[in-house]
Number of protein chains: 2
Amino acid sequence: MKETVAPAAPRPGALGAHAGWTGRFAGLARLSPTLRRKLEDAARLRRFAAGERVFGPGEKPRGMLFLLSGAVRVHQTSPGGREIVLYRVAAGESCVMTAACLFAEQSYHGEGVAETDVVAAEAPRATFEALLADSPEFRDFVFAAYSHRMIELFRVVEDVVFGRMDLRIAERLCQLADEEGVARVTHQDLAAELGTAREVVSRQLAEFQRRGWIEQGRGRVRLADRAALARFAASA
Amino acid sequence: MKETVAPAAPRPGALGAHAGWTGRFAGLARLSPTLRRKLEDAARLRRFAAGERVFGPGEKPRGMLFLLSGAVRVHQTSPGGREIVLYRVAAGESCVMTAACLFAEQSYHGEGVAETDVVAAEAPRATFEALLADSPEFRDFVFAAYSHRMIELFRVVEDVVFGRMDLRIAERLCQLADEEGVARVTHQDLAAELGTAREVVSRQLAEFQRRGWIEQGRGRVRLADRAALARFAASA
DNA sequence: GCGCGTTGTGTGACCTAGTCACTGAAGGCG
DNA sequence: CGCCTTCAGTGACTAGGTCACACAACGCGC
């Protein structure tokens, strides 16, 4: 929809159906046509099915990733099988862990998993650096993204080190619920979000239920009293 | 010492005794004379005594910080008074939290404290951006630093979420000890490094002592068997 | 509908880590 | 020497993580 606005003839190119994608990117939209062309030509389109692994420990990034559509969850996994979600990459964003490992020339320290079907553009480091060199807008875009993620990470550390688990579970539950107040997650999913164990989540949800704040089904939590839960989450 | 090498006449300038400091910076050493001049002129020299606060929550960064000498510890503090060290900035490095908050236009999410007497150069954002625009070496320097810190933060998260406290204490003890195997730290210091409580450290050190790995004095831990401690720290 | 494997949840026992409220020891200093 | 401040030790308790289960809900083939 809204494709009626598009004026220029679609340029057939290596990116096929996604030709012209830079136009939809914050920052990238204002690149010079030359740079834009260069980026679209050099980048390789990569597709991932929902649930598929995008990157993981042991691999090195082959280029900078820009997410064109879908969402990627980036998490860390312990030998014991516990998990914690570090951040999510949405369409229009790039992945900081990829950027960091690309520039530090290290292999990934975490895993990226497609949460939906995903289309991403992978730009070689040289192209990425050329863009950084030539486009102030692109620099802004990259630095702002990098900075916000870094701050997000500071927050994750703070939560994990100082935060109370009951409050964190309540908060995440509120975030994950849709407009009807239903979150389609298993206890295990919630545990993986927060870096805790499934049993801890189960016990806490039982307590929330006892207080009448939620109702539970298999793989499903309904917020019976979202306001109370949110109030509790903020009561730190 | 080794000042015999310095060929050019020292240029008197706003930075006084630190004139010409860009020459000692990785990456910055290769700036064009014009840029260098610009940076040295625009940056404001700031001095801090050991123990003094360099920045903290509530403040916004007034510019990018480059540490010319000394060391700064960056940590987060909980309302309850617990602390965790995120990273340290050494001479020749810049501070990522400052960079992140500068670009995201947010106030600091942690606190920076001078661990020794410190001299730092504070470059206004405009100057910083000009350097990024004009110098590939400076971009490399900044991106590499940013990337390494980010990876360090991933590691901190991993340690805190999945790591065992006894191993973390042993590891940090090994890091903090000098060549003679003596660490001049209080139990509280160790706790603040790792984001735990003083009592936890006390109990663990008592156990290490019982095993003959360390000897303790007031504000002082001697590694009686550094190898054993290191082996234990790595036995995860 | 029935059987059966898979996945999600409930629970108790146990251990580690963090909190609270103390005690007393070690050092600095007048 | 006495006094104050800082550091360290300890016990009781709570929160959170681990282990080993039991069992319920669903998916699916027949």
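The basis for the numbers below is simple: all heavy atoms, side chains too, and nothing from hydrogens, waters or symmetry mates. Order of the sequence lines fixes the chain letters, A, B, ..., with proteins taken first and strands second; residue numbering starts at 1 for each chain.
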Can you measure B:Q188 atom CD to D:dG9 atom P for me and round it to whole angstrom units? 13 Å

Whole angstrom is fine here: how far is it from CG in A:L205 over to P in C:dG8? 15 Å

For the residue pair A:E199 and A:H187, confirm or rule out a side-chain donor-acceptor distance under 3.5 Å. no

Measure the distance from CZ on A:R82 to P on D:dC19 and round it to the nearest whole Å. 11 Å

Look at the rings of A:F232 and A:F208 and say which category their plane angle falls in: under 30° parallel, 30 to 60° tilted, over 60° perpendicular. perpendicular

Donor-acceptor pairs are to be reported for all side-chain atoms of residues 107-115 of chain B against protein atoms at under 3.5 Å, with residues two or more places apart or in another chain.
| unit_1 | atom_1 | unit_2 | atom_2 | d |
| --- | --- | --- | --- | --- |
| B:Y108 | OH | B:T98 | OG1 | 3.0 |
| B:H109 | NE2 | B:Q106 | OE1 | 3.1 |
| B:E111 | OE1 | B:H75 | NE2 | 2.9 |
| B:E111 | OE2 | B:R53 | NH1 | 3.3 |
| B:E115 | OE1 | B:R88 | NE | 2.8 |
| B:E115 | OE2 | B:R73 | NH1 | 3.3 |
| B:E115 | OE2 | B:R88 | NE | 3.3 |
| B:E115 | OE2 | B:R88 | NH2 | 3.1 |

Parallel, tilted or perpendicular: ring planes of A:F128 versus A:F66, cut at 30 and 60 degrees: tilted

Ranking B:V161 and B:G219 by the position along DNA chain D of their nearest nucleotide, the one closer to 5' is B:G219

Would you kindly check whether a donor in the side chain of A:R203 faces an acceptor in the base of D:dT18, or vice versa, at under 3.5 angstrom? yes

Measure from the side-chain heavy atoms of B:V200 and tell me the nearest of C:dA17, D:dG17, C:dG10. C:dA17

Go through the structure and list residues passing side chain to side chain contact (heavy atoms under 4.5 Å, CB included) with B:R218, not counting sequence neighbours. none

Distance check needed: D:dT10 P versus B:Q216 CD, whole Å only. 11 Å

Using a cut-off of less than 4.0 Å, is there contact between a side-chain N or O of B:H187 and OP1 or OP2 of D:dG9? yes

Between D:dA15 atom P and A:R168 atom CZ, what is the distance in whole Å? 16 Å

Close N/O contacts between protein and nucleotides 21-30 of chain C (under 3.5 Å):
| unit_1 | atom_1 | unit_2 | atom_2 | d |
| --- | --- | --- | --- | --- |
| C:dA26 | N3 | B:R218 | NH1 | 3.3 |

Any A:T196 side-chain nitrogen or oxygen under 4.0 Å from OP1 or OP2 of D:dG17: yes

Answer yes or no: is there an ion pair linking B:R155 with B:E171, defined by an N-O contact shorter than 4.0 Å? yes

Take the protein atom CZ of A:F162 and the nucleotide atom P of D:dG16, then report the distance between them rounded to whole Å. 16 Å

Distance check needed: C:dT16 P versus B:I169 CD1, whole Å only. 13 Å

Under 4.0 Å between a side-chain nitrogen and a carboxylate oxygen: does that hold for A:R211 and A:E207? yes

Counting the atoms with a prime plus P, OP1 and OP2 as sugar-phosphate, which does A:G217 contact under 4.0 Å by heavy atoms, base, sugar-phosphate, or nothing? sugar-phosphate

Tell me: CZ of A:F208 to P of C:dG10, nearest whole Å? 14 Å

